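Small disclaimer: the values here were computed from a predicted structure and weren't measured.
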Amino acid sequence: MNKHIELGVINTLKVNRVSEPGLYLIAGDEEEVLLPNAYVKADMEIDSQLDVFIYTDSEDRLVATTLTPYVMKNNFASLEVVDIAKFGAFLDMGLPKDLLVPKNKQRTTYNIGDRKVIQVVEDDKTHRLIASEKFVLSKEPKNLSKNDEVEILLYIKTPLGFKVVVNNEYEGLIYHNEIFENINIGDKKKAYVKYVREDGKLDISLQKIGVKKSDDNQQKVLEILEQNGGELGFTYKSDVEDIKDVFSMSKKAFKASLTKLIEDKRIVLDENSIKIKS
């Protein structure tokens, strides 16, 4: 059970009393928060413990919900813009109350229907949860080294490559010339640390460093063929972008994989297609 009620995260609290608007939950320091009737169930009894998310209502009072939001405090997510106002924009975070991105926390233009990669923070003045495109990231990666598997969130495209948030804490970059699959802003993916730079930023790779890629690529070609009935309309002359879309590899890697698979008599190539050898 939580010692204190904490905004923006999941709290474990005890049911303390029943009231007309709902149940009052209590933390170890005896601070209470309301769980409105909309979330109350018959098995929620006095002294039972509940896991609830804490945010603020329209009057800036702390309130609990059994719903799980798309993102919690200090974390990052890609959320949809659902409303625009003079003072900011509102994003859908999976709760009845939308999440405000104040004008002074925006870096890009907002339109309804857009998706924005943001960080959820607690506003210093109002103590509400707000969204920000001005990220607070650590510049001292701890316990990360080459080839460590990490989770990344792509948030901006630059002339060099895609900037990513690494493990919800650090800034990383994937270089354009090392990308052989379709990726987009807002994508979450597994990736690998390529290099820890002196400035604390990370070079990131979508492939494990030092692993022989040719075998992996051959296996990928076979798996995709199997998923499509054993045959696809691809050859050595196929378009670079088509290869990237379907096989997530460069044309050079694709051609090398075909050559090896043909030599091993695992596929057959004709004028218009490749197919698994029966």
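- Although no hydrogens or angles enter the test, the distance criterion places a donor-acceptor pair under 3.5 Å between the side chain of Asn167 and the main chain of Glu151.
- The only option from Arg197, Lys146, Lys194 that meets the salt bridge (Lys or Arg N to Asp or Glu O under 4.0 Å) definition with Asp203 turns out to be Arg197.
- Side-chain N or O atoms of Asp148 include one that pairs as donor or acceptor with a backbone N or O of Ser145 at under 3.5 Å.
- Judged as a side chain to side chain contact (heavy atoms under 4.5 Å, CB included), and not counting sequence neighbours, the contacts of Leu269 are Thr235, Tyr236, Ile262, Ile274.
- Clustering of Ile, Leu, Val, Met, Phe, Trp and Tyr by side-chain heavy atoms under 4.5 Å joins Ile26 with none of the others.
- Put simply, the side chain of Asn11 never gets that close to the backbone of Leu13: no donor and acceptor are under 3.5 Å apart.
- Remark: side-chain polar atoms of Lys251 are paired, donor with acceptor, to backbone N or O of Ser238 under 3.5 angstrom.
- Ser205 places no side-chain N or O within 3.5 Å of a backbone atom of Lys208 that could act as its donor or acceptor partner.
- Val71 and Leu91 fall within a single hydrophobic cluster, where Ile, Leu, Val, Met, Phe, Trp and Tyr are joined by side-chain heavy atoms under 4.5 Å apart, directly or via other members.
- Between Phe247 and Phe254, the angle of the ring planes lies from 30° to 60°, which puts this pair in the tilted group.
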Side-chain donor-acceptor contacts of residues 45-54 below 3.5 Å, not counting sequence neighbours, with atom names and distances?
unit_1	atom_1	unit_2	atom_2	d
Ser48	OG	Glu45	N	3.2
Ser48	OG	Glu45	O	2.5
Asp51	OD1	Thr12	OG1	2.6

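- The closest donor-acceptor contact from the side chain of Asn37 to the backbone of Pro21 lies under 3.5 Å.
- With sequence neighbours left out, Glu171 forms a salt bridge (charged side-chain N to carboxylate O under 4.0 Å, His left out) with Lys163, Lys201.
- Judged by distance alone, the side chains of Glu231 and Ser273 do bring a donor and an acceptor atom under 3.5 Å apart.
- Ser248 places none of its side-chain heavy atoms less than 4.5 Å from the side chain of Asn182.
- Residues satisfying the ring-ring contact (aromatic ring centres under 6.0 Å, His included) criterion with Tyr192, sequence neighbours excluded, are absent altogether.
- Residue Glu30 qualifies as open at atom CD: its count of foreign heavy atoms under 6.0 Å is 12 or below.
- Residue pairs meeting the ring-ring contact (aromatic ring centres under 6.0 Å, His included) criterion with at least one partner in residues 7-34, sequence neighbours excluded, are absent.
- Within a 6.0 Å sphere centred on NZ of Lys97, other residues, nucleotides and ligands contribute more than 12 heavy atoms.
- Taking the side chain to side chain contact (heavy atoms under 4.5 Å, CB included) definition, one finds that Glu133 meets it with Gln106, Arg107, Thr108, Tyr110, Lys116, Ile118, sequence neighbours left out.
- With Asn2 contributing its side chain and Ile5 its backbone, the two residues share no donor-acceptor pair below 3.5 Å.
- Looking at Arg128 and Asp60, a side-chain N of the basic residue comes within less than 4.0 Å of a carboxylate O on the acidic one, giving a salt bridge.
- A donor-acceptor contact shorter than 3.5 Å is absent between the side chain of Asn228 and the backbone of Leu232.
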Validation: residues 75-84 side-chain donor-acceptor distances under 3.5 Å, sequence neighbours left out:
unit_1	atom_1	unit_2	atom_2	d
Ser78	OG	Arg115	NE	3.3

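- Applying the side chain to side chain contact (heavy atoms under 4.5 Å, CB included) criterion to Leu100, with sequence neighbours excluded, gives Phe87, Phe90, Pro102.
- Residues satisfying the side chain to side chain contact (heavy atoms under 4.5 Å, CB included) test with Pro96, not counting sequence neighbours, are Tyr39, Tyr55, Leu67.
- In this structure Phe162 satisfies the ring-ring contact (aromatic ring centres under 6.0 Å, His included) test together with His176, sequence neighbours excluded.
- Judged purely by atom type and a 3.5 angstrom limit, Asp264 has no side-chain atom pairing as donor or acceptor with the backbone of Arg266.
- Between the side chains of Asn74 and Gln119, no donor N or O sits under 3.5 Å from an acceptor N or O.
- Tyr195 is not connected to Ile174 by any chain of hydrophobic side-chain contacts under 4.5 Å among Ile, Leu, Val, Met, Phe, Trp and Tyr, and they are in different clusters.
- Residues forming a ring-ring contact (aromatic ring centres under 6.0 Å, His included) with His127 (at least two apart in sequence, or on another chain): none.
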